Amino acid sequence: MTGIERVITRTNRKAGKKTGIIVADVQGDFTTWREGSLAVPGTDKGFVAQVEQATKRFTREGYPIFGTQDWHPPDHVSFFTNHAGKKAFEAIQIEGRTQVLWPPHCVQGTEKAGVLVDNTLFLAIVKKGKDPRYDSYSGFQDDGGNKTEMDPILKRNGIEKVVVYGIATDYCVRATALDAAAAGYKVAVIEELSKGVAPDTTAAALEEMETKGVKIFKSLDLEKIKSF
Ligand code: VGL
Ligand code: ZN
C-alpha cells in the first residue's frame, strides 16, 4: 500500500466514527426479486446486489451500518384486509391521520419480512411498525409518536451524520431522513440506492427532503460522503 492510500484509509476511518449508514427496509416483501406482496418497482436481484455491495464498501471504509425492518403483526392497521370494504392503496382517515392501506406485508416471523442484505454487516437492525394501531415509515418513531431505539443507538455510537438509502424512497427513506434531520443529524440520501413506490410521490419526496436540508446524492461517492 502506498503512503497516500494509508492516509486516505485513516481519514475514512475517522469520518466513519461520526457518520452512520442507515439501510432502510430492504426486505423480501418490498422487492420484485422475491415477488413481495408490496413489491416496489426496480427492486430486482440486481438492485439488491447493488445495495449489498455499497453497504459492504461502507463497512470496509469503517462506517457503522444500521438498518430498519418493517415488522407488523397480522392485525396491523395499515393492512387493507383489516378494514372491511377497503381496497389496497386506498387512503383513509384514522384519528385525523391519513393512512394508506397496503397489502399485508412484512408480517412478523414470515420469510419475506427478512432483511435481504447480509445481516452480519449491521451493528443493529431496528424493527418498526410493531404496534397494531400505528404505521411507522420512519425508523425513529411511529405515527403515534412512540420512539424506536434508533436515536439512542446512534447516540451511543457517537453518530452525528447519517446516510440513508433503501426502500421506499417515498415512505421509509423519506420519513427516516426527515426525522433524522429534525433530530439534529446531518443527513444525506443516496438516490441510486433507493427505489420508490410511485414516480410522483418519489419526486415529491426528493424535493421535500432537499428543501428540509437533506443532501441528495445521485450515487455512492465516498468523497462527497466524507465532507457533507
Ligand atoms: C413502508 C409501505 C408500507 C416503508 C412500510 O417503510 O417504506 N412502505 N410499509
Ligand atoms: Zn409497512
Side-chain angles (χ1 to χ4, degrees), residues 21-43 47-48 51 66-83 86-92 94 97-117 122 124-150 162 164-180 187 189-191 193-206 208-209 214:
I21 310 299
I22 301 179
V23 183
D25 290 13
V26 181
Q27 296 171 255
D29 265 331
F30 292 131
T31 67
T32 56
W33 178 30
R34 293 299 172 93
E35 294 174 18
S37 61
L38 183 32
V40 170
T43 59
F47 170 73
V48 176
V51 168
F66 306 90
T68 65
Q69 184 174 25
D70 217 29
W71 192 249
H72 299 312
D75 59 346
H76 195 254
V77 66
S78 77
F79 298 171
F80 83 91
T81 46
N82 292 326
H83 301 269
K86 299 292 175 191
K87 296 191 205 88
F89 305 105
E90 258 186 81
I92 62 169
I94 301 175
R97 301 186 310 272
T98 300
Q99 175 66 56
V100 178
L101 297 179
W102 305 105
H105 62 278
C106 301
V107 175
Q108 297 173 2
T110 62
E111 189 183 351
K112 288 180 192 181
V115 172
L116 298 175
V117 174
F122 295 89
I125 296 179
V126 173
K127 290 179 160 65
K128 63 185 183 63
K130 295 185 284 188
D131 187 328
R133 299 170 298 169
Y134 299 112
D135 212 350
S136 184
Y137 301 137
S138 167
F140 286 84
Q141 60 178 339
D142 70 20
D143 290 354
N146 303 298
K147 311 284 185 207
T148 67
E149 326 84 278
M150 183 64 85
V162 291
V164 186
Y165 55 86
I167 312 170
T169 315
D170 36 358
Y171 292 93
C172 185
V173 172
R174 171 189 171 274
T176 300
L178 291 179
D179 274 353
V187 187
V189 162
I190 304 180
E191 201 178 333
L193 299 176
S194 305
K195 296 290 179 187
V197 172
D200 53 341
T201 46
T202 298
L206 289 168
E208 182 187 8
M209 288 190 282
V214 174

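Nothing here was measured: the structure is a model prediction, and the numbers come from that model. We count ligands from 1, going down the list as the structure has it; atoms in each ligand are counted the same way.
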| field | Location of contacts on Lys128 toward ligand 1, heavy atoms closer than 4.0 Å | value | side chain
| message | Can you classify the ring geometry of Trp102 versus His105 as parallel (below 30°), tilted (30 to 60°) or perpendicular (above 60°)? | response | perpendicular
| field | N, O or S from Cys106 under 2.8 Å to the Zn ion (ligand 2) | value | no
| message | Looking at the Zn ion (ligand 2), is there an N, O or S atom belonging to Asp135 that lies under 2.8 Å away from it? | response | no
| Contact check: Phe30 vs ligand 1, nitrogen or oxygen atoms, below 3.5 angstrom | no
| said: Using a 3.5 Å cut-off on N or O atoms only, is Ser136 in polar contact with ligand 1? | reply: no
| said: I want to know whether Phe79 and His76 have ring centres closer than 6.0 Å. | reply: yes
| request: Decide whether Asp170 and Thr201 meet the rule of one side-chain donor and one side-chain acceptor closer than 3.5 Å. | output: yes
| message | Within the 4.0 Å heavy-atom shell around Ala168, which atoms of ligand 1 are there? | response | 7 (O)
| task | Considering non-hydrogen atoms only, spot the tightest contact between Pro74 and Asn82 and give its length. | result | O-ND2, 3.2 Å
| said: Quick one, Met150 and Val126 - any side-chain contact, counting heavy atoms below 4.5 Å? | reply: yes
| said: Quick one: does any side-chain atom of Gln108 pair with a main-chain N or O of Trp71 as donor and acceptor, under 3.5 Å? | reply: yes
| query | What N, O or S atom of Asp70 is found closest to the Zn ion (ligand 2)? | reply | OD2
| query | Between the side chains of Gln141 and Asp179, does any donor sit under 3.5 Å from an acceptor? | reply | yes
| query | If we only count N/O pairs under 3.5 Å, is Leu38 in contact with ligand 1? | reply | no
| remark: Of all protein heavy atoms, the one nearest atom 7 (O) of ligand 1 is Cys172 N, 2.9 Å
| field | Whether His72 has an N, O or S atom under 2.8 Å from the Zn ion (ligand 2) | value | yes
| message | For the residue pair Gln99 / Asp135, report whether a side-chain donor-acceptor contact shorter than 3.5 Å exists. | response | yes
| Can you find an N or O of Tyr171 that's nearer than 3.5 Å to an N or O of ligand 1? | no
| field | Option with minimal heavy-atom separation from atom 5 (C) of ligand 1, where the choices are Asp25, Asp70, Asp29 | value | Asp70
| task | Output yes when Asp25 and Lys128 qualify as a salt bridge under the 4.0 Å nitrogen-oxygen rule, no when they do not. | result | yes
| said: Can you name the atoms of ligand 1, numbered from 1 with element, that are less than 4.0 Å from a heavy atom of His105? | reply: 3 (C), 9 (N)
